[in-house]
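So the structure is just underneath, and the comments pick up after that.
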Amino acid sequence: MATKQESEYYQKILKILGSLTNLFSESKVPYLNYRITENLFCKAFTAKNLSRSDVSADACLNDIGIGIKTFVNGNGKSLQKVAEFNKDNIQFRGLEPKELIEKVTDLRNERVESTKRIYGLKSMIYHCIVRDEEKIKTFECEDR
């Protein structure tokens, strides 16, 4: 999907942004603001930026929706927010754990399907940017 030139540009800018961390922090883990990574992804790969929309994708490229997630590697274990349901939280009150899981799953799946319908998407992926000590790793996985 991406050209070699686009990928090289993306990697180069991520590296530059990560190196700027040393200007304001002594941490060996580079800091990358999520808004910056969303905008960079869209610029590098000429994707449509959806990050300010109230949908489950941050970008779309052709008929693929992309959720862009930026987080710190915590010894291989990291809890990350995939979606917020602030407006729907009244539906969660008083639910047993299994019911709560089913409710959140249903809401999330409907949100993903709604995004796909609105933008005519065939599939969704997550593009993950993992910050680690002196490293930035990227990988992608299908939304299931």
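In this chain, residues are counted from 1 in sequence order. Bear in mind that the values here come from a model prediction, so they are computed numbers and not experimental data.
Residues L121 and M124 approach most closely at CD1-SD, 3.9 Å, considering heavy atoms.
No donor-acceptor distance shorter than 3.5 angstrom exists from the side chain of S56 to the backbone of T115, with no hydrogens or angles considered. Not a single donor-acceptor pair under 3.5 Å links the side chain of S7 to the backbone N or O of K4. Under the 3.5 Å distance criterion, the side-chain polar atoms of E99 are matched with a main-chain donor or acceptor of E96. A donor-acceptor distance shorter than 3.5 angstrom exists from the side chain of S19 to the backbone of I16, with no hydrogens or angles considered. Side-chain atoms of S27 come within 3.5 Å of backbone N or O of V29 as a donor-acceptor pair. For the pair E6 (side chain) and T3 (backbone), a donor-acceptor distance under 3.5 Å is present.
Between F71 and F139, the ring planes lie perpendicular to each other; the angle is over 60°, past the 30° to 60° tilted range. Note on ring orientation: taking the six-membered ring where Trp is involved, the planes of F45 and H127 are perpendicular (angle over 60°, cut-offs 30° and 60°).
A distance of 9.5 Å separates CG in L32 from CG in L20, rounded to the nearest 0.5 Å. In this structure, NZ on K43 lies 4.0 Å from OH on Y9, to the nearest 0.5 angstrom.
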Contacts under 3.5 angstrom, residues 128-135 side chains, donor-acceptor by atom type, not counting sequence neighbours:
{"from": "R131", "atom 1": "NH1", "to": "P30", "atom 2": "O", "distance (Å)": "2.8"}
{"from": "D132", "atom 1": "OD2", "to": "N73", "atom 2": "ND2", "distance (Å)": "3.0"}
{"from": "D132", "atom 1": "OD2", "to": "K137", "atom 2": "NZ", "distance (Å)": "3.3"}

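Residue Y119 is tested with D63, I64, L50 for a side chain to side chain contact (heavy atoms under 4.5 Å, CB included); the sole match is L50.
The salt bridge (Lys or Arg N to Asp or Glu O under 4.0 Å) test applied to R111 returns D54, not counting sequence neighbours.
If you chain together hydrophobic residues whose side chains sit under 4.5 Å apart, I13 and I36 fall into the same group.
Contacts classified as salt bridge (Lys or Arg N to Asp or Glu O under 4.0 Å) and involving residues 9-25 (residues at least two apart or in different chains) are not found.
In this structure, the side chains of I66 and D58 stay at 4.5 Å or more apart for every pair of heavy atoms.
A salt bridge links E110 to R117: one of the charged nitrogens lies within less than 4.0 Å of a carboxylate oxygen.
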